[in-house]
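Heads up: the structure comes next, in structure tokens.
What you see is a predicted model; the values in this text were computed from it and never measured.
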Amino acid sequence: MSALKAQVRYEVSSTMRNGEQLLLTLIIPVMLLVFFSLVDVLPTNTKDPIDFLAPGILGLAVMSTAMVSLGIGTGFERTYNVLKRLGATPLGRARLIAAKIVAVVAVELVQFAVLIPVAYTLGWRPTSPNWLAASGAVIVATLAFAGIGLSLAGRLRGEINLAAQNGLYLVLLLLGGMVIPFAKLPGPISAIAKSLPSGALADVLREALANDGVRPATSWLILAGWAIAAPVAAVRLFRWE
Amino acid sequence: MFVEELVVRYGDLVAVDHVSFSAAAGEVTAVLGPNGAGKTTTLEVCEGYRRATSGTATVLGLIPHRRQAELSRRMGVMLQEGGFSPAARVGDVTRLFCELHDKRVDAAELLQTVGLGERLRSSYRRLSGGEKQRLSLALALAARPDVAFLDEPTSGVDITGRQLIRSIVRDLAHNGCAVVLATHELDEAEKVADRVVIFDRGRVVADGTLDELRSGHDEIRFRSSATLDVHAVSAAIQLAVRSVGDGEFVVDGGAVHVATLTAWLAEHGEPIADLSAGRQRLEDVFLRLTGGQS
């Protein structure tokens with residue numbers, strides 16, 4: 001247990017001290033939330049853009065930590081032989097993965113502790129929010145995104161993985177219903193977007209926090225499917241060296 | 001630690017070919033060989049990173065890849081290179097490894113031992129090559145190991161750093177640890193090893209103490225003029241003589257031939273300096289066994 005605790009502490013402090021990771025996990029989500037709330041240029045179809053943006057940006061925060069930050073960090077650790085070195089300690093691979101997941105959840109809590117007050121300051125007032133459902137969605141989505149991030153990190157070389165994770169982040173950000181509603185996307189693209197974990201998470205969060213989901217039941221199923229398939233893929237694809 | 005008839009193949013390539021040797025507690029065993037000779041692959045099997053195609057490795061009574069969790073509690077590993085994120089701080093990563101091994105080793109004291117006491121807050125990328133090696137050694141020591149695998153521990157390390165690493169390695173062995181040191185720096189092996197195993201093209205070509213490997217291979221070394229006619233000397237004293245550069249020469253023969261040699265040199269007006277007679281250096285043993293590769 002002490003090995004797991006030590007690794008979690010190390011993972012969290014490394015992430016919070018890394019400028020690029022902070023940019024990705026905190027600064028970009030806060031900037032998007034503030035900018036698009038104050039500058040009403042997105043076709044959100046809501047009276048106040050913050051009502052659409054806040055749940056979407058919370059979803060984006062989950063994606064940036066569980067997929068991109070975890071994936072890029074782990075990919076470079078693989079390249080630099082950090083995973084190999086840790087593999088020869090009593091920590092072992094199972095506890096290393098557990099430590100990374102706990103660290104991701106810890107960083108997500110920090111993100112929410114920053115983003116939710118910022119959203120409130122910008123005028124977000126969710127009507128009868130179901131925080132329990134939102135938390136459940138975050139946990140399921142964390143598994144899905146971590147699976148995707150680790151699948152790429154476990155196969156691609158450091159720099160290629162970096163480019164792939166950032167590229168995927170942009171695609172999911174734009175297609176994921178996080179800042180642009182599905183209805184505003186062209187038909188076929190909208191159908192693809194709805195089947196992506198980012199879109200499903202944004203939809204489920206909007207339903208939980210603003211009773212404004214497009215098809216929450218289907219989105220839950222899609223999210224759960226990704227949460228099973230992606231970690232299975234990661235286990236099959238991941239190479240430690 | 002025992003390695004018996006170990007074979008490791010990568011597709012058609014045989015990286016390790018029926019290798020057998022042992023390393024005892026309280027001794028430093030140096031595994032020598034040219035690049036690509038199979039040293040690191042053999043060590044990786046012993047560390048549990050890699051499976052053998054056939055044959056066995058037994059470390060502390062355990063089969064490494066099957067019982068790596070148990071083995072890792074008693075094993076210190078120094079990788080050939082890397083193992084750190086560039087941004088990792090020296091103090092943080094050392095503290096982490098001390099906590100992972102949970103052997104009540106104080107990180108600050110450990111860093112002091114390897115001469116990095118002042119570098120606690122430095123990031124890995126800011127360390128010199130020698131400091132990186134010493135940090136890597138510190139992490140291996142965090143395990144208070146019963147067996148330590150050190151891959152090229154003095155590579156890129158300055159003279160002071162080498163002396164420090166040598167003394168740490170000796171201390172480890174004195175405390176009962178079986179130290180296995182892979183290197184291609186022969187002088188380091190000569191200074192620190194109790195036993196030497198020489199690899200060449202995936203096979204063990206020699207295994208024994210330094211004395212055993214050098215016995216029966218005496219030599220005379222001396223300096224003279226760079227233009228010395230080695231063929232003439234060789235013919236006169238009936239022994240093989242070769243130039244090893246910088247005006248230094250080696251005669252394949254023992255101390256009994258010194259008088260004949262010096263007499264010939266004096267007679268022909270050739271200068272003579274730095275003459276020594278005795279057993280072959282490890283470097284010569286190595287070159288003889290590996291056919292001149294390094």
Within residues 56-82 of chain A, residues adjacent to chain B where the heavy-atom gap is under 4.5 Å: A/Glu77, A/Tyr80, A/Asn81, A/Val82
Please check if the number of heavy atoms outside A/Phe238 that lie under 6.0 Å from its CZ is greater than 12. yes
Counting heavy atoms not belonging to B/Glu81, are there more than 12 under 6.0 Å from its CD? no
Measure B/Arg74 against the heavy atoms of chain A and call it side chain, backbone, both or neither at under 4.5 Å. neither
For B/Phe84, which residues count as a ring-ring contact (aromatic ring centres under 6.0 Å, His included) partner, sequence neighbours excluded? B/Tyr124
For the student: nearest non-hydrogen atoms of B/Ser136 and A/Arg85, plus distance: OG-NH2, 2.9 Å
Hey, which residues of residues 143-168 of chain A are touching chain B, say heavy atoms under 4.5 Å apart? none
Rounded to the nearest 0.5 Å, the CG atom of B/Leu96 sits from the CG atom of A/Leu86 at a distance of 6.5 Å
Which atoms of B/Glu44 are under 4.5 Å from chain A, going by heavy atoms: the side chain, the backbone, both sets, or neither? side chain
With a 6.0 Å cut-off (strictly less than), is the heavy-atom count around CD of B/Gln163, excluding the residue itself, greater than 12? yes
Enter the distance from B/Glu47:CD to A/Lys84:NZ here, rounded to the nearest 0.5 Å. 7.0 Å
Turns out that what part of B/Ala88 lies under 4.5 Å from chain A's heavy atoms comes down to both
Quick check: closest heavy atoms across B/Asp102 and A/Ser2, and the distance to 0.1 Å? OD2-OG, 4.0 Å
Is chain A contacted by the side chain of B/Phe149, its backbone, both, or neither, given a heavy-atom distance below 4.5 Å? neither
Taking side chain as C-beta onward, heavy atoms only, is A/Thr89 less than 4.5 Å from B/His101? yes
Hey, could you give me each pair passing side chain to side chain donor-acceptor pair (under 3.5 Å) that has a residue in residues 55-72 of chain B? Not counting sequence neighbours. B/Arg67-B/Glu70
Quick one: what part of B/Leu139 sits under 4.5 Å from any heavy atom of chain A, side chain, backbone, both or neither? side chain
A/Leu38, CG: over 12 other non-hydrogen atoms inside 6.0 angstrom: yes
